[in-house]
Amino acid sequence: MAKTWYPVIDYVLCAECGSCVTKCSHGVYSKVKAPVPVVEKPEACVDHCHGCGNICPSGAITYLGEDTAWTPPHGKPVMPEAPCGCGCGTASASAAASTGGCACESAAAGTKTVAIDYLYLDLTSCERCIGTDQVLDEVVAAITPALKLAGYQVAYQKTEMATADIALQHRFQSSPTIRVNGRDIATAVAENHCGCCSAISNSDVDCRVFEYEGATYEVPPKQMLAEGILRAVFGSPADAQEQERFQLPDNLISFFNGKTQQKCACGGNCGE
Ligand code: SF4
Ligand code: SF4
C-alpha cells in the first residue's frame, strides 16, 4: 500500500457516475458519499494501480505520484498488457466501457449532489484558514437542510494541501479555497500578507482575501459563502473550464519549500 499513490479527482470533469467508487475493492473511496468520489483512505490505494482511472468515462482521475506514461483512457477498454493491478476487475471495466458507460451508472440515477470542497494550507495556526473553516461549517450546516429539501445530497470534504504535490494535483491557486462541484466560489484570486503561513514556512507568504459587496475580508462572512454556494448550485451553468497546464504559484512554492525546511517552528505542523 502506498501513501504516495492515490487517485485525485477533477470535480470539474467528474460526472458523478460513481463507477470509481464501485470499482475499487480496497475501500479507498467513501461509500457514504457515493456516487460523488471522495478519497477517504488514500493509504489503502494499491501502488501504481490505475483500476478506477481506467474506467472513468470522463478522464477525471489522475494519480498522485504518477510516474508512468499512463493517461486517462476516458472509459475506453485498456490494453490487456495494462492491467489495473489491484485485482478489482479490469475485464468488467472493459465490459462496462463497451456498453458506453460505467458499471454502476444506476448508482447515480435520480441523484443530485452538491460537492463542497474546502482546500486549505493549515488548520493548526493559520487564523484565516481556521476562521474560514468555522464559518463554512456553519454555512454548510445551515443550508444543507434546504438543499436536501430541494433533492440534493451534500458531500462536504476538507483537504489539507500538505505538500506541493497535493496542491499541484488539486490545481490549488490560493489558500483557502472553497469549491462547489469543482468550481471556486470566488470569481478571482486576491491575496495579502499572511503572518501565520509566513511563520509556518519562515518565508513571506500571501494568502487569500475575499471581496464581497465592496469590502475585503480575511475570513469571509456567512452571507458571502451562502450566496456563493447557492449561486454555484442554482445559477447558470459556468463555461467549460479550460484544461490548460497548471503551475503552482510562486507564492505557494515558497510556502512549501519553507515549510519543509522548518523544524517544528509551526507547532508540530511542519510536515516533516
Ligand atoms: S481501484 Fe486501484 S487505483 Fe483506484 S482507488 Fe482502488 S486501489 Fe487505488
Ligand atoms: S468514474 Fe470518473 S466520472 Fe465516474 S464518479 Fe468516478 S471520477 Fe467521476
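First listed ligand is number 1; within each ligand, the first listed atom is number 1. These values consider heavy atoms only, across backbone and side chains, with no hydrogens, waters or symmetry-generated copies.
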(message) Filter on side-chain hydrogen bond (donor to acceptor under 3.5 Å, both in side chains), then keep only pairs touching residues 195-204, sequence neighbours left out; what's left?
(response) H193-D204, S201-S203
(message) Is the contact between Y6 and ligand 1 made by the side chain, the backbone, both, or neither, using heavy atoms and a 4.0 Å cut-off?
(response) neither
(message) If we set the cut-off at 4.0 Å for heavy atoms, which region of C49 has an atom near ligand 1: side chain, backbone, both, or neither?
(response) both
(request) Under 4.0 Å, heavy atoms only, figure out whether ligand 2 is touched by the backbone of C17, its side chain, both or neither. (result) both
(request) Measure I61 to ligand 2 on non-hydrogen atoms and call it side chain, backbone, both or neither using the 4.0 Å cut-off. (result) side chain
(request) Just jot down the ligand 2 atoms closer than 4.0 angstrom to any heavy atom of E16, in number order. (result) 5 (S), 8 (Fe)
(message) Looking at N181 and A115, would you say the former's side chain and the latter's main chain have a donor-acceptor pair under 3.5 Å?
(response) yes
(message) Check R183 with D117, please: is the shortest side-chain N to carboxylate O separation under 4.0 Å?
(response) no
(message) Check this for me: does any side-chain nitrogen of one of D184 and R208 sit under 4.0 Å from a carboxylate oxygen of the other?
(response) yes
(request) Would you kindly say whether D165 and T163 are connected by a side-chain donor-acceptor distance under 3.5 Å? (result) no
(request) Using distance alone, with no hydrogens and no angle criterion, decide if Q134 and T132 have a side-chain donor and acceptor under 3.5 Å apart. (result) no
(request) Look at ligand 1 and say whether Y29 reaches it with a heavy atom at a distance under 4.0 Å. (result) yes
(message) Between C52 and atom 4 (Fe) of ligand 1, is there a contact where an N/O/S atom of the residue lies under 2.8 Å from the metal?
(response) yes
